[in-house]
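Structure first, then comments.
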Number of protein chains: 2
Amino acid sequence: MKEIARQLGISITTVSRALQNHPRIGLRTREKVQELAERLNYIPNSTAISLKKRRTFNIGVVLPYLTEQFFSLAITGIEDATIDKGYSVLVVQSRNDFERERTAIRSLIRHGVDGIVVSVASGTHTYRHFDRANEHGIPIVYFDRVIKRLHSSCVYSDITSGAFEAVDFLVQKGLTNIALLNGPMTLQATDERLNGYARALQKHEIPVNRHYIVGLNLTREDTLKKTAALLDLPEPPQAILAFHDYIALDAMEVCRQRGLRINEDIFFVSFSNLSFCSYLEHPPIASIEQFPYEMGEKAASLLIEAIEHPDQQTRQEVVMQPQLVVR
Amino acid sequence: MKEIARQLGISITTVSRALQNHPRIGLRTREKVQELAERLNYIPNSTAISLKKRRTFNIGVVLPYLTEQFFSLAITGIEDATIDKGYSVLVVQSRNDFERERTAIRSLIRHGVDGIVVSVASGTHTYRHFDRANEHGIPIVYFDRVIKRLHSSCVYSDITSGAFEAVDFLVQKGLTNIALLNGPMTLQATDERLNGYARALQKHEIPVNRHYIVGLNLTREDTLKKTAALLDLPEPPQAILAFHDYIALDAMEVCRQRGLRINEDIFFVSFSNLSFCSYLEHPPIASIEQFPYEMGEKAASLLIEAIEHPDQQTRQEVVMQPQLVVR
DNA sequence: CTGTTAGCGCCTTCAC
DNA sequence: GTGAAGGCGCTAACAG
């Protein structure tokens with residue numbers, strides 16, 4: 001800017017205004033300035049602007065794993081919702097580790113993001129780090145793995161209803177012995193899933209067999225072991241509802257090894273609907289699509305809302321309806 | 001800082017120095033400052049620091065798709081290599097679109113990143129936008145889909161050798177009719193792959209059958225169609241080398257539909273080694289692992305090198321050896 | 001060991 | 001319509 005001002009023999013102020021299309025600036029001046037700026041391929045220093053405006057136009061995203069397609073789709077939604085509003089996205093992976101998440105948030109605060117979208121790590125047990133962000137005036141929107149806080153919006157899917165529909169679907173196919181490979185009890189979604197499962201069985205007056213309900217700890221070994229245990233039951237399940245496609249895949253492997261034919265001797269339904277399931281010879285017969293892209297998109301626009309209108313504290317809770325996709 | 005200075009009755013400078021553990025500051029003063037800062041849960045305004053230091057400690061990453069596991073692994077490598085040096089990562093997806101890539105770079109420049117890591121979009125045909133970054137003093141490191149520029153380092157894998165080994169492996173298994181499902185001719189890697197393929201055949205004195213060499217355009221339909229054409233040849237291939245696991249999967253589907261048994265009637269080897277291949281009942285018998293994580297890591301550290309020592313323009317070209325993983 | 005001063009690049013009253 | 005001056009929060013000579 002200084003350079004432009006010098007070359008044109010005008011003041012920096014004028015340059016600044018010309019560049020912003022300030023109304024009360026001479027048309028000729030404006031044109032000359034903009035043209036010269038172009039020629040010098042001037043790019044405004046956003047650091048300086050940030051300092052002045054107290055906005056960086058960066059938003060932070062903290063989520064467990066980018067390698068999970070669910071989250072990379074979510075990020076894409078976030079990107080699409082923010083990019084043309086001029087925001088850039090800072091991504092940090094928590095790897096489901098509390099400590100990592102904490103430092104991630106801290107680092108984002110230091111980097112001066114205008115807001116944060118987070119999907120809480122499964123290892124997180126206290127929420128002080130999030131409050132810190134809020135205390136610094138940084139709004140947070142939670143998605144997928146949400147926690148419900150006073151002033152923060154969140155968007156998540158209705159797991160209960162997803163599980164309900166899945167089980168309902170299986171029962172209507174004539175399957176009554178349905179097992180549930182559920183997540184760790186620390187996650188809220190685990191409860192909801194159980195809920196939907198139980199409610200669907202109840203609807204059809206099928207008694208809940210507690211041996212069919214299994215809590216997994218996210219390690220592959222655990223999944224393999226507990227699936228094997230299920231199959232060893234005197235009355236093994238005819239169908240399995242898995243809380244994640246990956247879990248279903250691991251479980252299917254166990255079944256195959258025992259000579260069970262997928263989608264004949266035993267049926268699978270799982271959450272998430274990873275695109276690569278379509279490459280499988282025997283994919284789960286149904287998946288519960290949770291629309292990660294849309295979730296990310298929604299979360300991001302709520303965040304931008306919160307950033308740009310900090311006054312009107314309209315906390316929102318958006319519940320997305322999952323959809324049973326039958327193959 | 002002002003607040004701390006006021007409360008302690010000292011100058012802002014002293015506070016600043018105390019916070020940075022400046023050596024020539026009174027121990028007592030320092031402690032008092034740091035303690036108060038803690039209590040006020042003061043977080044330095046990095047925007048201001050950036051303005052002063054002319055560094056944002058942000059680095060940009062531009063790549064085609066985060067949803068491809070290859071790239072999300074690369075990002076993870078980048079993250080790990082930068083995070084503890086105090087950098088944050090701004091991610092933008094180009095979706096292989098030139099225009100998107102261009103705006104991405106532009107936006108990163110505006111946001112004042114200290115450097116950029118990029119995997120060039122397949123749709124990119126001119127490199128002016130990259131030069132722009134360089135003109136603004138922003139170093140770039142290319143990885144995977146690299147272009148070779150005067151002052152920019154790059155890291156990529158030795159596709160030729162990967163293809164060579166793959167074909168060599170197949171021949172040693174007694175397979176001689178080997179087709180190559182290659183990428184679009186616009187990508188440099190496509191050439192190299194062809195090269196390795198041809199060289200391996202040559203080594204075993206197998207003539208190159210040009211009907212076996214197929215250029216794909218990255219759409220699924222194209223893959224299906226051209227694979228079918230391969231199988232329709234008077235002498236169909238016994239094995240297929242695919243330039244990507246996803247391509248192999250699509251091609252395998254075609255084979256299956258025709259009643260060919262994977263890994264019996266026809267064999268597959270592909271590049272990339274996606275983790276989910278292990279879930280397949282009949283995965284490619286071998287994959288060419290390209291170590292995306294390590295590539296990202298390396299690219300990022302080269303970038304940091306370039307950022308922190310802008311004087312010593314040591315352009316580096318790192319070639320990673322891929323590895324044939326036999327299942 | 002500590003304070004004074006100037007300035008990073010830009011925006012924004014306020015004055016002309 | 002344009003310019004001068006001050007300041008965003010912090011750092012870094014330069015003085016004591």
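Proteins get letters first, then strands, A, B, ... in listed order; numbering begins at 1 in each.
- Within 6.0 Å of the CZ atom in A:Arg102, the count of heavy atoms belonging to other residues, nucleotides or ligands does not exceed 12.
- Atom NZ of A:Lys53 is separated from atom C1' of C:dC11 by 8 Å (rounded to the nearest Å).
- At whole-Å resolution of the value, CE in A:Met1 and C1' in C:dT12 are 12 Å apart.
- The local environment of CZ in B:Arg315 is crowded, with over 12 non-hydrogen atoms from other residues, nucleotides or ligands closer than 6.0 Å.
- For B:Lys85, the NZ atom is loosely surrounded, since the number of other residues' heavy atoms within 6.0 Å does not exceed 12.
- Here B:Ile49 lies in heavy-atom contact (under 4.0 Å) with sugar-phosphate atoms only.
- The two atoms that bring A:Ala299 and A:Phe143 nearest to each other are CB-CB, 3.9 Å, heavy atoms only.
- Judged by distance alone, the side chains of B:Thr13 and B:Ser16 never bring a donor and an acceptor atom under 3.5 Å apart.
- Position along DNA chain D of the nearest nucleotide to B:Arg24 versus B:Asn45 favours B:Asn45 as the more 5'-ward residue.
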Run the numbers on B:Val62 and B:Glu101 for side chain to side chain contact (heavy atoms under 4.5 Å, CB included), then give the verdict. CA-CA 7 Å; B:Val62 182; B:Glu101 182 176 86; 4.2 Å; yes
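- Mapping B:Ala48 and B:Thr29 onto DNA chain C by nearest heavy atom places B:Thr29 closer to the 5' end of the strand.
- Put simply, the side chain of A:Lys52 and the base of C:dC11 share a donor and an acceptor less than 3.5 Å apart.
- Between B:Thr14 and C:dC1, a side-chain N or O to OP1/OP2 separation shorter than 4.0 Å is absent.
- Summarising the geometry, the separation between CZ on A:Phe57 and C1' on C:dC11 is reported as 14 Å, rounded to the nearest angstrom.
- In terms of phosphate contacts, B:Ser16 brings no side-chain nitrogen or oxygen within less than 4.0 Å of OP1 or OP2 of D:dC10.
- For DNA chain C, the neighbouring residues in residues 3-13 of chain B, judged by any heavy atom under 4.0 Å, are B:Ile10, B:Ser11, B:Thr13.
- Heavy-atom nearest nucleotides on DNA chain C were determined for A:Arg17 and for A:Lys2, and the one closer to the 5' end corresponds to A:Lys2.
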